[in-house]
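Notes for the one structure printed next.
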2 protein chains.
Amino acid sequence: MSVTRIPEAQEYILHWGEMGSHWGVNRSVSQIHALLYLSDRPLHAEEICESLSLARSNVSTALKELQGYNIVRRTHVVGDRRDHFVAELDLWDMFMAIVAERKRREIDPIIARLGELSERMAGREEIPGHVRQRIGRMHEFISTLTGWYLQVRGLKKSTLIALMKLGSKVARFVPGSSTPNN
Amino acid sequence: MSVTRIPEAQEYILHWGEMGSHWGVNRSVSQIHALLYLSDRPLHAEEICESLSLARSNVSTALKELQGYNIVRRTHVVGDRRDHFVAELDLWDMFMAIVAERKRREIDPIIARLGELSERMAGREEIPGHVRQRIGRMHEFISTLTGWYLQVRGLKKSTLIALMKLGSKVARFVPGSSTPNN
DNA sequence: CATTTATTTCTGTAATTTCCGAAATTAATA
DNA sequence: TATTAATTTCGGAAATTACAGAAATAAATG
């Protein structure tokens, strides 16, 4: 019996689906994720179809997508040869997995593209300086942010959580940042 | 004369528009932003229409949206009573403005919703414990992340940049995180 | 105050994306 | 290897979203 019978779980699933679509994630994909997240046992595709009234094929595609994000994985249930699926339950790991995949899909190609553009424009006097500069700056900016992310991502989970709990207190360790605000 | 004549600028604009649509931002909106970012002078709506071959109405809506994000602002040019528009050129400020607005629109409502749900389920024995727990944990997780963001956001820009340049070295200030990796 | 010009709102259409159902493929058991 | 069941792929229908053009509103100048 599925969590779908619980009105609050239903709401959660619908809301999660809604949210996904505002961040470029297919609604079915995020709904299925929400369902698996709330389920206390592995579900097979058929069950997901029924619970969310989605087409079998749709569920198949969505599950592949979720596995691509590394936030859902296949398992097997004894005496049942169908694939079953469970969601990552550690929210920190889930979050990091999503960020990593979005970076790979969305950010890395942008950096590559901006890099090409910058290089292609370098030294060409017929192109206004401000255009070259601004595209260059954008490239630099995104690269810097991404570099920071890569470094921080390499830290232990516990360290990261400790840093987060520190909040704005981290500023104490930056020389010459005595005034608290902008 | 518009930057649109430069093939590299064109590419930048198209690519930027493409990217926007992967993050839940209307293509016209992000294209217009890219155009203004590359322009060295304020543009009026009509110019934008021509440069990007968009309908006047479309441009109007998009400009309102960009102003809502606080990354484009109106200006006036002497001897011309039309509104002109310029983009925020400081990429850090731009980034922070976008994050702030997306938080307001997308994250805050989620937190509110999850809070309601958690509260509504509290103590109701007929709802499985794991469902209550997991929705509760999600609420807590997103709230924590957001809390951290709010704190960090309050720091001086220079401090933030200094922290970023520190990269993974910030871990030094966390007690007992001597081992470098997960 | 009338006229011109800029801007926004509204509505129908076009384009894109999502999703279903059928067909094809793959895997598992006997 | 044949048979059955599970899964994936594919093409088109349905729904959503973006967009253009017209109409309405607002602002500015003479």
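Keep in mind that what you see is a predicted model, and the values were worked out from it rather than measured.
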[X] has an atom [atom1]; how far is it from atom [atom2] of [N], in whole Å?
X	N	atom1	atom2	answer
A:I32	C:dT18	CD1	P	13 Å
B:L52	D:dA20	CG	C1'	15 Å
B:L63	C:dA6	CG	P	15 Å
B:L66	C:dT7	CG	P	15 Å
B:N26	D:dT17	CG	C1'	9 Å
B:I48	D:dC19	CD1	P	14 Å
B:R27	C:dA15	CZ	P	12 Å
A:H44	D:dT7	NE2	P	8 Å

Using the side-chain heavy atoms of B:S60, tell me which of these nucleotides is nearest: D:dA18, C:dC19, C:dT8. C:dT8
Got a donor-acceptor contact below 3.5 angstrom from the A:Y69 side chain to the A:E101 backbone? no
Main-chain N/O of A:T4 paired to A:Q10 side chain as donor or acceptor, under 3.5 Å: yes
Under 4.0 Å between a side-chain N or O of A:K64 and OP1 or OP2 of D:dT7? no
Would you mind building the protein contact string for nucleotides 20-30 of chain C? One character per nucleotide, 5' to 3', B for base within reach (heavy atoms under 4.0 Å), S for sugar-phosphate only, - for untouched. BB------SS-
Neighbour count above 12 (heavy atom, 6.0 Å) for A:R124 CZ: yes
Take atom CZ in A:R41; do more than 12 heavy atoms of anything else shown fall under 6.0 Å from it? yes
Whether B:W16 and B:Y12 hold their rings parallel, tilted or perpendicular, with breakpoints at 30° and 60°: parallel
Under a 4.0 Å threshold between the charged nitrogen and the carboxylate oxygen, would B:R102 count as salt-bridged to B:E106? yes
